[in-house]
Amino acid sequence: MRLIALLLLWIGLAGAAVAQPMPSAAPGSVAAGPKSTVRIKAELVSMSQWATPGGTAIVAIRQQIEPGWHTYWRNPGDSGGPTTLTWTLPGGVVAGDILWPVPERQRLADLMNYGYSGQVFLPVPIEIPADARAGTTLPLIVRALFLVCSDEMCVPDELTLRLDLPVRDGAAPLDTRWGQDIQTVVETAPRPAGIAARATLAGQTLTLTATGGPLAGMESDRAWLFPFGTSVIQHAAPQPGERGPEGVTLNLQIGGALRTGGLTDPIGGVLVTDAGAWEIMAEPGPPLPGAGGEGALDLSEATSGAAGVDWLVFGQAAVFALLGGLILNLMPCVFPVLAMKAASLAKSAHAPAEARRDGVLFTAGVLVSFLILAGVLLGLRAAGEAVGWGFQLQSPLVTAILALLMQAVALNLSGVFHVGAGLQAAAGSGPLSRLPGGVGAFFTGVLAVVVAAPCTAPFMAFALGAALVMPAPLALIVFLMLGLGLALPYLFVSLSPRLLARLPQPGAWMERLKGVLAFPMYGAALWLGWVFLNQTGADALGLLFGAALALALAAWLFGQAQASGGRIAAGVALLSLLAVAGLSFAAVRAPRVEALAAATSAALPSQPWSEAAVTAATAEGRTVLVNFTADWCVTCKINERAALSSPQVAEALTEANAVYLVGDWTSRDDAITRELERRERSGVPLYMVFRPGQAEPEILPQLLTEGVVIDALAG
C-alpha cells in the first residue's frame with residue numbers, strides 16, 4: 001500500500017521540476033533584491049550600511065524557507081548537501097568562507113540530519129581592497145545552490161543574488177533592516193575558544209574529552225557534538241557523557257570512516273552546550289583529566305529519540321488515520337455490519353448501561369485487532385531493516401504477485417466481483433457475535449476488522465507508511481487511531497441509540513465512492529509492472545500481461561457466478577486462475593533481456609559495476625564514480641534526474657578521465673549486497689568515488705546535487 005505514497009511522491013517531483021527557476025542570467029543582468037522558488041526565498045544582505053576601503057564587510061545569504069522544508073549545514077548528517085556559494089566579485093574583492101550558525105538536529109525515521117528551517121542567515125566576510133574609492137559601489141554577485149528538502153523529497157534550487165554595496169570612509173553603522181540579526185549570528189557562531197580536546201577509540205565507541213577555556217567550571221548539564229566529517233560518528237545515535245570540573249566527556253558511536261580507517265587524524269566539529277557553542281579539534285590520544293566525575297549529561301534535548309520526533313508530522317498522521325478509519329465505515333462491506341449492530345442496540349434502548357458496555361467492548365475488540373495487525377507489520381519492518389529495505393521488490397516473483405494482487409483489489413473496488421458478504425453475515429449474526437453479553441460485543445469488534453480487510457486498501461497506505469518510518473510507539477498510536485475511527489460510529493450509537501436516525505442510509509453513493517478508490521490500485525499495478533519489466537525484460541512482461549488478462553477474466557466470471565449462482569462460470573473462473581498461476585510462473589522463469597535494462601539503467605554512459613572493474617580503472621590512474629541504484633528506489637531516480645543526467649556532470653566525468661559504474665540492485669545481487677554491507681549500508685542509493693592510490697572511497701551523500709558530484713570528481 002506504500003505504493004500510493006510513492007506515486008504521490010513522483011507527482012510531487014514532477015511539479016517541483018516544473019517549478020524550478022530558470023537558469024541564472026549573466027552577471028551584468030542580475031538585479032538586486034530577493035529571489036525565490038516555491039520552497040525558498042533568498043537575498044544577499046549586508047550587516048553594515050556601507051563598506052570602508054581596506055576593511056572587511058560582512059554580508060549574509062538570508063534564507064526564508066517555507067514551512068515543511070529545510071536546508072543543510074556544512075555537514076548535512078545522514079543525507080542532504082550543504083549550501084554552496086559561487087562568487088562573481090570586482091577586482092581585489094575577496095569572499096571568505098561561510099560563518100555557519102549552529103544547525104538544528106532534524107530526525108527523519110532512523111536518520112539524523114543537520115540543517116536549518118524558517119529564517120536563517122549565512123554570514124560571509126568580504127575583504128575590501130585598500131584602493132576602493134569612497135563614493136563608488138561594489139557589485140557583489142553570488143550563485144547560491146540550496147538543497148531544499150522535506151520529509152518526502154529534495155530539490156536543488158539555484159538562485160543568483162546581487163548586492164550593490166556602497167563604499168564610504170569612516171565606521172559604518174548597522175544596516176537598519178537586517179544588521180542586528182546578522183551581527184547576532186556572527187557573535188554567536190561557533191569559533192575556537194582555547195579548548196583542548198582528545199579523541200580515544202575503544203571498540204565501537206569514540207570517547208571525546210574536552211577541557212579548558214569556557215568549559216572550565218561550566219554549569220551546563222547538556223553537551224553534544226556536530227562533527228565536520230560526514231561519516232565519523234553515527235549521527236542519529238545518542239551521545240551520553242558526563243560533566244567534570246574542567247570540561248565534558250562524550251561517548252560517541254563510530255561511523256564508517258573510523259570502522260574502516262581507524263583513528264589516525266584529528267576530529268573536528270562544533271561542541272554545543274547551554275553556555276555556548278565552540279569549534280574544537282580533538283587530537284588522537286588518551287582522555288584528558290578533569291572531564292568527568294560530576295554527573296551524567298542530560299540527553300533530554302540533545303540526542304534522545306523524543307527530541308528528534310517531528311510532532312507536527314506525527315499529529316497529522318494520527319489525524320489522517322482517524323479520518324481514514326471513519327471513512328472506512330462508509331464502505332459497502334463495513335457499513336451494513338455497523339448498521340445492523342446499531343439497530344440491535346436501538347431495540348435495547350431501555351438498557352443504556354448494557355448498550356454502553358457493548359459499545360466500549362466492541363471498540364476494545366477493534367483496537368486489539370489493529371494492535372495485532374500493527375505488531376505484525378512492525379515485525380516485518382524489523383525483518384526488512386535486517387536484510388535491507390526494498391528487498392521484497394528484488395524478487396520478480398514477489399513483484400509479479402504484488403502487481404496481480406493490486407489488480408485484483410482494483411477489480412474488487414470496481415465492482416467486478418465482491419468479497420466479504422459471508423464475513424458480514426458472520427460479524428452481524430455469526431456465532432461469535434451471538435455470545436452473551438460483552439464477550440459477543442468484543443468479538444463483533446474483532447470480526448468487524450476482518451470484514452473491513454477487503455476494503456482497507458485505499459486507507460491502509462498511510463498507516464503502513466507510518467509503521468515503516470516512525471518509531472514503533474508512535475506507529476502503534478497511528479494504527480490505534482485508524483481503529484478508533486472505525487469504531488467511533490458504533491461507540492457513539494451505543495452511548496446514544498437515538499443517533500441511529502442520523503446515520504446516512506446505504507445507497508448508490510457508496511458504490512461510486514468505492515469505484516473512485518479503485519484507480520490508485522490500478523496505478524500501483526502499472527508501476528509494479530514497470531519494475532517487473534526492468535527486472536526481467538519485455539518477453540516476461542508480455543507473459544505477465546497474459547496473467548493479468550486471465551485474472552481479469554477470472555474475476556469477471558466469479559462476479560457473474562456470485563450474481564446468478566452459476567456453477568459453470570465458477571468452474572471456468574477456477575480454470576482461469578490456474579492460467580494465471582501458469583503464466584505468472586512462466587513470466588518469472590523467462591530469460592532476462594539485458595539490453596533494455598542496460599539502456600535504461602542510467603542517464604550517463606556507464607558500465608556495469610564489479611570489484612574487478614573498479615580495480616582495473618584505478619590501476620590505470622582513473623577516477624571511478626560508482627552508483628548503486630534500483631528501479632524501485634524513488635530516491636535513486638530523483639538523484640539520477642537531478643544530479644546524474646546533466647551536461648555539466650558529463651563534462652566533469654570527461655575532464656577527470658573518470659569511469660562511471662552502475663550497480664543495479666533491482667534484482668538481488670549478492671556482490672552488491674556484500675559491498676553495501678562493507679560500507680555500513682542496508683540499502684540503496686549508495687554513491688562512491690574511488691581515486692587512484694587511495695584505499696577507501698569517498699562516500700557521497702544519499703541526496704545528490706550537481707555540485708556535489710562535480711566537486712567529488714574534481715577531487
Side-chain angles (χ1 to χ4, degrees), residues 13 16-27 29-31 33-45 59-66 69-77 79-89 95-101 103 106 113-117 119-124 126 140-150 153-163 230 603 625 635 638-653 655 687 689 698 700-715:
L13 175 62
V18 172
Q20 285 292 301
M22 297 298 290
S24 302
S29 63
V30 176
K35 304 292 190 301
S36 63
T37 70
V38 296
R39 294 160 293 277
I40 186 172
K41 178 180 179 181
E43 60 181 320
L44 185 59
V45 295
V59 301
I61 309 297
R62 174 183 171 268
Q63 305 172 45
Q64 186 62 51
I65 307 166
E66 290 296 314
W69 296 85
H70 57 268
T71 58
Y72 291 95
W73 187 54
R74 57 182 292 179
N75 169 14
S79 64
T83 298
T84 59
L85 306 178
T86 304
W87 292 91
T88 302
L89 301 171
D97 296 330
I98 296 174
L99 191 61
W100 295 93
Q106 300 166 336
N113 296 332
Y114 306 142
Y116 307 104
S117 59
Q119 177 174 268
V120 59
F121 293 87
L122 299 183
V124 178
I126 303 292
L140 310 180
I141 299 174
V142 63
R143 179 167 59 87
L145 179 61
F146 308 98
L147 187 61
V148 192
C149 297
S150 67
M153 65 181 300
C154 287
V155 181
D157 279 335
E158 182 177 288
L159 298 174
T160 300
L161 311 174
R162 174 169 178 158
L163 171 67
T230 57
L625 172 63
T635 303
I638 293 174
N639 286 335
E640 287 164 14
R641 177 172 177 172
L644 294 173
S645 61
S646 70
Q648 291 82 359
V649 173
E651 182 180 349
L653 277 169
E655 291 179 353
Y687 307 101
V689 175
E698 176 186 356
L700 303 186
Q702 286 183 303
L703 294 172
L704 294 180
T705 65
E706 284 184 7
V708 168
V709 179
I710 292 172
D711 290 345
L713 291 171

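Computed from a predicted model, the values in this text were never measured in an experiment. Just so it is clear, the values below take in all heavy atoms, side chains as well, and ignore hydrogens, waters and symmetry mates.
- With rounding to the nearest 0.5 angstrom, the OG atom of Ser117 is 10.0 Å from the CD atom of Gln64.
- Counting heavy atoms from C-beta on, the side chains of Ile126 and Trp87 come closer than 4.5 Å.
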- Message: Please evaluate residues Phe121 and Val45 with respect to the criterion side chain to side chain contact (heavy atoms under 4.5 Å, CB included), reporting the C-alpha separation (whole Å), side-chain torsions for both, the decisive distance (0.1 Å), and the verdict.
- Response: CA-CA 9 Å; Phe121 293 87; Val45 295; 4.3 Å; yes
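- Side chain of Thr160 to backbone of Arg143: no donor-acceptor contact under 3.5 angstrom is found.
- Rounding to the nearest 0.5 Å gives a distance of 14.0 Å between OG1 of Thr84 and OH of Tyr72.
- Residues satisfying the ring pair (Phe, Tyr, Trp, His ring centres under 6.0 Å) test with Phe146, not counting sequence neighbours, are none.
- Thr71 meets the side-chain hydrogen bond (donor to acceptor under 3.5 Å, both in side chains) test with Gln63; sequence neighbours excluded.
- Remark: Glu655 engages no residue in a salt bridge (Lys or Arg N to Asp or Glu O under 4.0 Å) (not counting sequence neighbours).
- Considering Leu122, Val120, Asp157 as possible partners of Thr83, the one that fulfils the side chain to side chain contact (heavy atoms under 4.5 Å, CB included) test is Leu122.
- When the side chain to side chain contact (heavy atoms under 4.5 Å, CB included) test is applied to Pro82, the partners found at least two apart in sequence or on another chain are Pro76, Trp100.
- In terms of the side-chain hydrogen bond (donor to acceptor under 3.5 Å, both in side chains) criterion, residue partners of Asn113 (sequence neighbours excluded) are, by chain and number, Ser79.
- We find the NE2-OH distance between His70 and Tyr116 to be 12.5 Å, quoted to the nearest 0.5 Å.
- Shown are Ile61, Leu163, Val124, Val59; of these, the side chain to side chain contact (heavy atoms under 4.5 Å, CB included) with Val142 is made only by Ile61.
- Residues passing the side chain to side chain contact (heavy atoms under 4.5 Å, CB included) test with Ala652, sequence neighbours excluded: Ile710, Leu713.
- The CD1 atom of Ile98 lies 12.0 Å from the CH2 atom of Trp73; values are rounded to the nearest 0.5 Å.
- Remark: Gln119 engages Arg62 in a side-chain hydrogen bond (donor to acceptor under 3.5 Å, both in side chains) (not counting sequence neighbours).
- Remark: Ala712 engages Val689, Arg691, Glu698, Leu700 in a side chain to side chain contact (heavy atoms under 4.5 Å, CB included) (not counting sequence neighbours).
- Distance check, rounded to the nearest 0.5 Å: CZ of Arg39 to CG of Leu147 gives 10.5 Å.
- Of all the heavy atoms in Pro701 and Val708, the pair that sits closest is CD-CG1, 3.7 Å.
- Put simply, CG on Leu653 and CD on Gln648 are 12.0 Å apart, with the number rounded to the nearest 0.5 Å.
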